[in-house]
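Just below is one structure, and these are the notes that go with it.
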Amino acid sequence: MRAVVQRVSEAAVRMEGDVAGQIHQGLLVLLAVHETDTLDQVRWMANKVANLRIFEDAQGKMNLSVKDVAGGLLVVSQFTLYGDARKGNRPSFIESARPELAIPLYEAFKKEVASASGCEVAAGVFGADMKVSLVNDGPVTILIDS
């Protein structure tokens, strides 16, 4: 499982012009499921994201998690995070999980991260053509692999 986690002051995902999910302060999580992932990776990743201390405390140090700041999470499926472009110019996505595995694990991640963080979780729609907008706060962007 791979996640790109961005600290945001706001983020939204739209489909055909309609807002599918939106948050204010919090985390935008672009999530990819690997072909070998299991519920163990889902639980690990959800706990890592929920407890990731990348928000500033009163002294200006990154010492607070999304749950500490009562932020939101916007989770967007992004199989292209497993794109391998080492050979040629067209990325290969063979390591990305097929929908029959990826969809249940993506849905499980949303539930697990909501439970682990106690925060509101908004989301895009798996496999849909989405437009993601965000204001990266900092900017702070973290790449996490399970």
Side-chain angles (χ1 to χ4, degrees), residues 1-57 61-86 90-146:
M1 187 160 275
R2 180 170 288 164
V4 174
V5 180
Q6 296 180 297
R7 185 179 77 185
V8 299
S9 55
E10 62 184 71
V13 61
R14 291 176 174 75
M15 296 175 19
E16 299 177 8
D18 295 328
V19 174
Q22 183 172 12
I23 62 168
H24 295 287
Q25 179 187 35
L27 300 175
L28 169 62
V29 181
L30 304 176
L31 186 72
V33 178
H34 191 271
E35 64 182 350
T36 61
D37 282 342
T38 66
L39 282 174
D40 287 338
Q41 280 87 16
V42 169
R43 289 184 197 101
W44 183 91
M45 184 66 77
N47 280 304
K48 179 61 77 175
V49 169
N51 293 292
L52 191 61
R53 298 186 317 172
I54 60 173
F55 291 89
E56 293 180 358
D57 63 16
K61 294 187 181 197
M62 281 196 245
N63 208 20
L64 302 175
S65 69
V66 68
K67 61 185 176 183
D68 295 327
V69 299
L73 292 110
L74 177 58
V75 180
V76 178
S77 64
Q78 180 125 19
F79 78 93
T80 60
L81 293 178
Y82 278 113
D84 184 352
R86 290 177 289 183
R90 182 172 182 241
S92 168
F93 302 106
I94 60 173
E95 292 185 32
S96 297
R98 304 279 311 145
E100 50 273 5
L101 172 65
I103 292 170
L105 293 182
Y106 169 73
E107 294 297 329
F109 175 82
K110 292 188 305 184
K111 289 178 185 165
E112 289 284 336
V113 79
S115 176
S117 68
C119 297
E120 175 188 346
V121 176
V125 176
F126 187 94
D129 180 21
M130 297 175 278
K131 308 300 181 209
V132 179
S133 61
L134 67 131
V135 176
N136 193 322
D137 181 18
V140 175
T141 301
I142 307 292
L143 176 63
I144 305 172
D145 283 301
S146 64

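Worth knowing before you read on, the calculation uses all heavy atoms, side chains too, and leaves out hydrogens, waters and symmetry mates.
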Grab the two heavy atoms, one from [X] and one from [Y], that are nearest each other, plus how far apart they are.
X: N63; Y: D68; value: O-OD2, 4.4 Å
X: A46; Y: V113; value: CB-N, 3.6 Å
X: L81; Y: R2; value: O-NH1, 2.9 Å
X: S77; Y: G127; value: OG-N, 3.8 Å
X: A108; Y: V42; value: C-CG1, 3.8 Å
X: N47; Y: A116; value: OD1-CB, 3.5 Å

Quiz item: To the nearest 0.5 Å, how far apart are CZ in R53 and CE in M62?
Solution: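 With rounding to 0.5 Å, CZ (R53) is 11.5 Å from CE (M62).
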Self-check item: From OG1 (T36) to CD (Q41), nearest 0.5 Å
Solution: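 These two atoms lie 6.5 Å from each other.
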Exercise. Just jot down the salt bridge (charged side-chain N to carboxylate O under 4.0 Å, His left out) partners of R90, sequence neighbours excluded, or say none.
Key: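 R90 satisfies salt bridge (charged side-chain N to carboxylate O under 4.0 Å, His left out) with no residue once adjacent residues are dropped.
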Exercise. Could you pull out all residues at least two apart from K67 that satisfy salt bridge (charged side-chain N to carboxylate O under 4.0 Å, His left out)?
Key: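 Counting only residues at least two positions away or on another chain, K67 forms no salt bridge (charged side-chain N to carboxylate O under 4.0 Å, His left out).
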Practice problem: Please assess L52 against I144 for the test side-chain contact (heavy atoms from CB on, under 4.5 Å), listing each intermediate value before the final yes or no. | Solution: CA-CA 10 Å; L52 191 61; I144 305 172; 4.1 Å; yes
Practice problem: Could you tell me which residues satisfy side-chain hydrogen bond (donor to acceptor under 3.5 Å, both in side chains) with Q22, sequence neighbours excluded, listed by chain and number? | Solution: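 Listed in chain order: nothing, the list is empty.
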Exercise. Give a yes or no on whether L143 atom CG has more than 12 heavy-atom contacts from other residues, nucleotides or ligands under 6.0 Å away.
Key: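 Atom CG in L143 is crowded, with more than 12 foreign heavy atoms closer than 6.0 Å.
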Quiz prompt | Exceeds 12 heavy-atom contacts within 6.0 angstrom, atom CD of E100 | solution =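 Correct, the count exceeds 12.
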Quiz item: For D40, which residues count as a side-chain contact (heavy atoms from CB on, under 4.5 Å) partner, sequence neighbours excluded?
Solution: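 In terms of side-chain contact (heavy atoms from CB on, under 4.5 Å), with neighbours along the sequence ignored, D40 is linked to T38, R43.
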Practice problem: Apply ring pair (Phe, Tyr, Trp, His ring centres under 6.0 Å) to F79 and list each qualifying residue two or more places apart in sequence or on a separate chain. | Solution: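 For F79, the residues satisfying ring pair (Phe, Tyr, Trp, His ring centres under 6.0 Å) (neighbours in sequence not counted) are F93.
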Practice problem: For the pair S146 (side chain) and M45 (backbone), establish whether a donor and an acceptor sit closer than 3.5 Å, ignoring hydrogens and angles. | Solution: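 Not a single qualifying donor-acceptor pair exists.
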Quiz item: With respect to P139, which candidate in D137, V135, N136 satisfies the side-chain contact (heavy atoms from CB on, under 4.5 Å) definition?
Solution: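 Testing each of D137, V135, N136 against P139, the sole residue satisfying side-chain contact (heavy atoms from CB on, under 4.5 Å) is N136.
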Exercise. Kindly state each residue pair satisfying ring-ring contact (aromatic ring centres under 6.0 Å, His included) with at least one member in residues 98-146, sequence neighbours excluded.
Key: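 Listed by first then second residue: Y106-F126.
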